[in-house]
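Values in this document were obtained by computation on a predicted structure and should not be read as measured data. Atoms within each ligand, like the ligands themselves, are counted from 1 in listed order. Note: hydrogens, waters and symmetry copies are ignored here, and every other heavy atom, side chains too, is used.
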Amino acid sequence: MSYFRPDIDELVGYTPGEQPQAGKFIKLNTNENPYPASPSVVRAVQAVLERGLARYPDPLATGFRERAGAVLGVDPDWILCGNGSDEILTLVTRAFVAQGELLRLPYPSYILYKTLAQIQGARSQEIAFAQDWSLTDDFAAPAAGLRLAFLPNPNSPSGTMLSPARVLELAERLPCPLLVDEAYVDFANDNCVKLVAQCEKVMISRTLSKSYALAGLRFGFIIAQPQIIAGLRKVKDSYNCDALSIAAATAAIDDQEWLADNRRKVIATRRRLTAGLRTLGFQPIESQANFVWAPHPGLPVRPLYEQLKQNRVLVRYMDYAAWGDGLRISVGTDDQIDACLGLLKTMI
Ligand SMILES: *Cc1c(COP(=O)(O)O)cnc(C)c1O
């Protein structure tokens with residue numbers, strides 16, 4: 001006999017990429033940043049520790065929202081912070097989608113979205129990307145009970161992006177809010193922040209995990225119109241971000257010079273990785289993110305993933321029905337990417 005809700009019993013649960021806690025791996029499987037964060041982050045954390053942790057943190061992380069608002073050109077009241085952007089995704093699911101209602105997502109994309117719907121006891125509906133990774137108007141079609149749509153942009157695993165103009169078209173047609181997940185957008189050529197003012201239905205999530213090299217910190221935020229933010233504030237835990245992470249995130253977003261330098265390095269190595277994979281017969285997709293999706297038309301790639309792992313290089317193997325399988329390789333340092341490409345060369 002189980003004490004759980006039947007839908008929780010049925011749930012398989014989201015499995016994040018492997019995080020080996022022992023041994024020395026070259027980790028190219030969860031899109032972490034290979035470089036250390038801005039040195040000002042360490043100083044900010046030390047300063048908080050010296051002051052002590054006896055007091056509760058600012059429930060609204062106002063210092064962070066002011067700095068982020070200045071960087072992004074939005075009012076601080078348009079921002080709400082969370083314990084990683086995964087918490088932001090949980091929050092919007094809880095706030096907009098009731099039990100039995102419908103959440104829409106593209107396919108293939110971030111697997112967590114579906115799990116969030118299941119935990120909520122909601123239904124989810126996947127709309128397939130076209131072969132060129134565009135999305136047809138089907139993504140915006142009305143459907144019974146449709147309450148929320150998720151769109152990662154750039155998408156994972158493809159690294160491809162819809163233009164802001166296309167995202168706005170989809171948002172305007174949709175009968176519900178659209179959460180544009182911009183986890184990787186700092187590595188892209190464009191972003192959708194300006195759409196938030198143009199359309200109440202557009203909400204944007206950002207994270208400090210990837211482009212600010214702070215995946216271990218757990219800090220993300222959402223940008224939306226203030227009446228949306230006000231509703232979400234009612235749903236969140238009072239102290240969802242701790243004093244250390246707020247201080248660290250504020251220091252990180254204040255160091256835009258660090259971000260620009262990191263972005264330059266990652267994009268240069270992404271080019272090197274894409275070219276190297278092409279030489280080995282893969283058909284890598286041009287990426288706007290810090291990873292490259294690489295199907296191989298001539299070879300089964302699962303054994304390549306296994307052999308890389310035996311040689312202590314971790315990449316992500318994924319298999320999607322109509323798209324087939326491929327390796328998703330995070331952009332590491334040049335040395336890490338050379339090691340990975342060197343091993344692949346011996347196997348192919
Ligand atoms: C990594 C990732 C996130 C999660 O970011 P956190 O802030 O670490 O929770 C959200 N969306 C996508 C598409 C991601 O790849």
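- Side-chain atoms of Ser85 and Phe221, non-hydrogen and from C-beta on, never get closer than 4.5 Å to each other.
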Do any nitrogen or oxygen atoms of ligand 1 lie under 3.5 Å from a protein nitrogen or oxygen, and which ones?
{"unit_1": "ligand 1", "atom_1": "5 (O)", "unit_2": "Ser85", "atom_2": "OG", "d": "3.1"}
{"unit_1": "ligand 1", "atom_1": "7 (O)", "unit_2": "Ser85", "atom_2": "N", "d": "2.6"}
{"unit_1": "ligand 1", "atom_1": "7 (O)", "unit_2": "Ser85", "atom_2": "OG", "d": "3.1"}
{"unit_1": "ligand 1", "atom_1": "7 (O)", "unit_2": "Thr207", "atom_2": "OG1", "d": "2.5"}
{"unit_1": "ligand 1", "atom_1": "7 (O)", "unit_2": "Ser209", "atom_2": "OG", "d": "3.3"}
{"unit_1": "ligand 1", "atom_1": "8 (O)", "unit_2": "Ser209", "atom_2": "OG", "d": "2.6"}
{"unit_1": "ligand 1", "atom_1": "8 (O)", "unit_2": "Arg218", "atom_2": "NH1", "d": "2.7"}
{"unit_1": "ligand 1", "atom_1": "8 (O)", "unit_2": "Arg218", "atom_2": "NH2", "d": "3.4"}
{"unit_1": "ligand 1", "atom_1": "9 (O)", "unit_2": "Ser85", "atom_2": "N", "d": "3.3"}
{"unit_1": "ligand 1", "atom_1": "9 (O)", "unit_2": "Asp86", "atom_2": "N", "d": "2.9"}
{"unit_1": "ligand 1", "atom_1": "9 (O)", "unit_2": "Asp86", "atom_2": "OD1", "d": "3.4"}
{"unit_1": "ligand 1", "atom_1": "9 (O)", "unit_2": "Asp86", "atom_2": "OD2", "d": "3.4"}
{"unit_1": "ligand 1", "atom_1": "9 (O)", "unit_2": "Arg218", "atom_2": "NH2", "d": "2.7"}
{"unit_1": "ligand 1", "atom_1": "11 (N)", "unit_2": "Asp181", "atom_2": "OD1", "d": "3.4"}
{"unit_1": "ligand 1", "atom_1": "11 (N)", "unit_2": "Asp181", "atom_2": "OD2", "d": "2.6"}
{"unit_1": "ligand 1", "atom_1": "15 (O)", "unit_2": "Tyr184", "atom_2": "OH", "d": "2.5"}
{"unit_1": "ligand 1", "atom_1": "15 (O)", "unit_2": "Lys210", "atom_2": "NZ", "d": "3.1"}

Which donor-acceptor pairs under 3.5 Å do the side chains of residues 126-134 make with protein atoms, sequence neighbours left out?
{"unit_1": "Asp132", "atom_1": "OD1", "unit_2": "Ser134", "atom_2": "N", "d": "3.0"}
{"unit_1": "Asp132", "atom_1": "OD1", "unit_2": "Ser134", "atom_2": "OG", "d": "2.7"}

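- A cation-pi arrangement is present between Lys265 and Tyr35 under the rule of less than 6.0 angstrom and at most 45 degrees off the ring axis.
- A cation-pi arrangement is not found for Arg147 relative to Phe96, the charged atom failing to lie both closer than 6.0 Å to the ring centre and inside a 45° cone about the ring normal.
- Listed for the Arg328 side chain is no donor-acceptor partner under 3.5 Å among the backbone atoms of Ala294.
- A donor-acceptor pair shorter than 3.5 Å can be found between the side chains of Asn31 and Ser330.
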